[in-house]
Amino acid sequence: MPVLYARVPEDRVGVIIGSGGRTKRDIAGRTGTSIDIDAAEGEVRLAGPDSDPMGVLKARDIVLAIGRGFSPERALRLLKENTFLGILDIKFTTGHREKSALRRIRARAIGTRGKARSRIEELSGCSMSVYGSTVALIGEEEQLDRATRAVELLLKGSEHSTVFHYLARARRDAAIEEATRGAASPEFEG
């Protein structure tokens, strides 16, 4: 039986459990796992059948995503095929550890009234959450690569417009590549 553990901030444990345990049951039911939560320590134990180790991995990623500030509904996006969770540590990425610097950098990633975060989500296709000293992203592999690069640029001080132009160009290039690949496939030949 595969068993994984995850540690989440104490203030996010209630979100993982949900009203009357609803969120915890929903995650367990959708992933075929059992979930035990030590609310005092913020430790989550996830176990699943030997026949489906991916269920335990998906459940752990969902729990970690909720722990990093995502709502349960947004975290459940991880159940989709080829959808992954990425977490960037602001301290590691920027080298800044002071509280005032972290506040300023987080504010750059979020933007005025959440505009930067929304724009990154729109242009990359990823969901984004800024929580504590981390930025978490949920998306498909290519979306995650683009969004990670964009967030790293932003955290290191690049202008917002530069980052948004990079994402728009990357999205356009991906669409062209997809269209080219689709046109070359045999199902489109007459």
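Heavy-atom contacts from other residues, nucleotides or ligands closer than 6.0 Å to CD of Glu142 number 12 or fewer. Atom CD of Glu98 has more than 12 heavy atoms from other residues, nucleotides or ligands within 6.0 Å. The environment of Arg149 atom CZ is sparse: at most 12 non-hydrogen atoms of other residues, nucleotides or ligands sit within 6.0 angstrom.
Taken from OG in Ser133 to CD1 in Ile87, the straight-line distance is 10.5 Å, to the nearest 0.5 Å. Atom OG1 of Thr148 and atom CZ of Arg146 lie 11.0 Å apart (nearest 0.5 Å). Interatomic distance, Arg104 CZ to Thr94 OG1, rounded to the nearest 0.5 Å: 8.5 Å. We find the CG-CD distance between Leu137 and Glu121 to be 9.0 Å, quoted to the nearest 0.5 Å. Atom CD1 in Ile138 sits 9.0 Å away from atom CG in Leu76 (nearest 0.5 Å). For the atom pair Thr134 OG1 and Leu102 CG, the distance stands at 10.5 Å (nearest 0.5 Å).
Under a 4.0 Å N-O distance rule, the pair Glu177/Arg172 does not qualify as a salt bridge.
Between Arg106 and Ile90, the shortest heavy-atom distance links the atoms CG-CD1, 3.6 Å. Closest approach of Ser127 to Arg77, counting heavy atoms only: OG-NH1, 3.0 Å.
Between Leu85 and the choices Leu78, Leu144, Ile62, the side chain to side chain contact (heavy atoms under 4.5 Å, CB included) rule is met once, by Leu78.
Here salt bridge (charged side-chain N to carboxylate O under 4.0 Å, His left out) pairs that include residues 34-43, with residues two or more places apart or in two chains, are Arg7-Glu43, Asp36-Arg45.
Following chains of ILVMFWY side-chain contacts shorter than 4.5 Å, one can reach Ile110 starting from Leu153, so the two form part of one hydrophobic cluster. Under the 4.5 Å side-chain contact rule for hydrophobic residues, Leu155 and Leu123 share a cluster. Linking Ile, Leu, Val, Met, Phe, Trp and Tyr residues whenever their side-chain heavy atoms come within less than 4.5 Å places Phe70 and Ile35 in a single cluster.
With hydrogens and angles left out, the side-chain atoms of Arg68 and Ser129 include no donor and acceptor closer than 3.5 Å. For the residue pair Ser124 / Arg171, no side-chain donor-acceptor distance below 3.5 Å is found, with atom types taken as modelled.
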